[in-house]
Amino acid sequence: MNKKIRTDAVDHLFDAILCLQNKEDCYSFFEDLCTVNELLSLSQRFEVASMLRDHKTYLEIAEKTGASTATISRVNRSLNYGDDGYELVFERMQ
């Protein structure tokens, strides 16, 4: 993990997220925490990651999600060279 983001404030945020118990809790918390555009961007990146993992093409992903090729490329780089956070979540969601 990037050491620049390991701060007390980020730890506090993650502790708060870990307290959420269901999807409704998540909706309430993230609606208060994020702007609509921030939340939609996060969900778009997650959808892009899922589609990349399913070997969809950039064109298919862009058409379905509206993500730019730059965003798709950034997510692809995280999948291939990141800290395996996406993979951890995908495995746990199965």
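Just so it is clear, the structure is predicted and the values come from calculations on it, not from any experiment.
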Applied to residues 84-94, the side chain to side chain donor-acceptor pair (under 3.5 Å) test, sequence neighbours excluded, yields Arg53-Glu87
With hydrophobic residues grouped by side-chain heavy-atom distances under 4.5 Å, do Val89 and Leu79 end up in a single group? yes
Just by distance, do the side chain of Ser50 and the backbone of Phe46 share a donor-acceptor pair under 3.5 Å? no
Enclosure of Tyr27 OH (heavy-atom neighbours >12, cutoff 6.0 Å): no
Quick one: does Val75's side chain get under 4.5 Å of Ile72's, heavy atoms only? no
Supply the atom-to-atom distance Ser73 OG to Asn80 CG, rounded to the nearest 0.5 angstrom. 9.5 Å
Euclidean distance, Leu13 CG relative to Leu18 CG, rounded to 0.5 Å: 9.5 Å
Say you draw a straight line from CZ of Arg77 to CZ of Arg74; how long is it, rounded to the nearest 0.5 Å? 7.0 Å
Report, as yes or no, whether the 6.0 Å neighbourhood of atom CG on Asp8 holds more than 12 heavy atoms from other residues, nucleotides or ligands. no
Taking all non-hydrogen atoms of both residues into account, name the closest pair between Asn22 and Asp25 and its distance. OD1-N, 2.8 Å
Between Asp11 and Thr7, is there a side-chain heavy-atom distance shorter than 4.5 Å? no
Working to the nearest 0.5 angstrom, can you tell me the gap between Cys26 SG and Leu39 CG? 10.0 Å
Give a yes or no on whether Phe14 and Leu88 share a hydrophobic cluster (residues Ile, Leu, Val, Met, Phe, Trp, Tyr; joining criterion: side-chain heavy atoms under 4.5 Å apart). no
Which heavy atom in Thr69 sits nearest to a heavy atom in Tyr58, and how many Å separate them? O-CE2, 4.2 Å
Would you find more than 12 non-hydrogen atoms of other residues, nucleotides or ligands less than 6.0 Å from Glu38 atom CD? yes
How many angstroms lie between CD in Gln44 and OG1 in Thr71, if you round to the nearest 0.5 Å? 6.0 Å
Heavy atoms only: give me the nearest Leu42-Cys34 pair and the separation to one decimal. CD1-SG, 4.5 Å
Is the side chain of Ser41 donor-acceptor paired with the backbone N or O of Asn37 at a distance under 3.5 Å, no angle test? yes
Set of residues satisfying side-chain contact (heavy atoms from CB on, under 4.5 Å) with respect to Glu47, sequence neighbours excluded: Met51, Lys64, Thr65
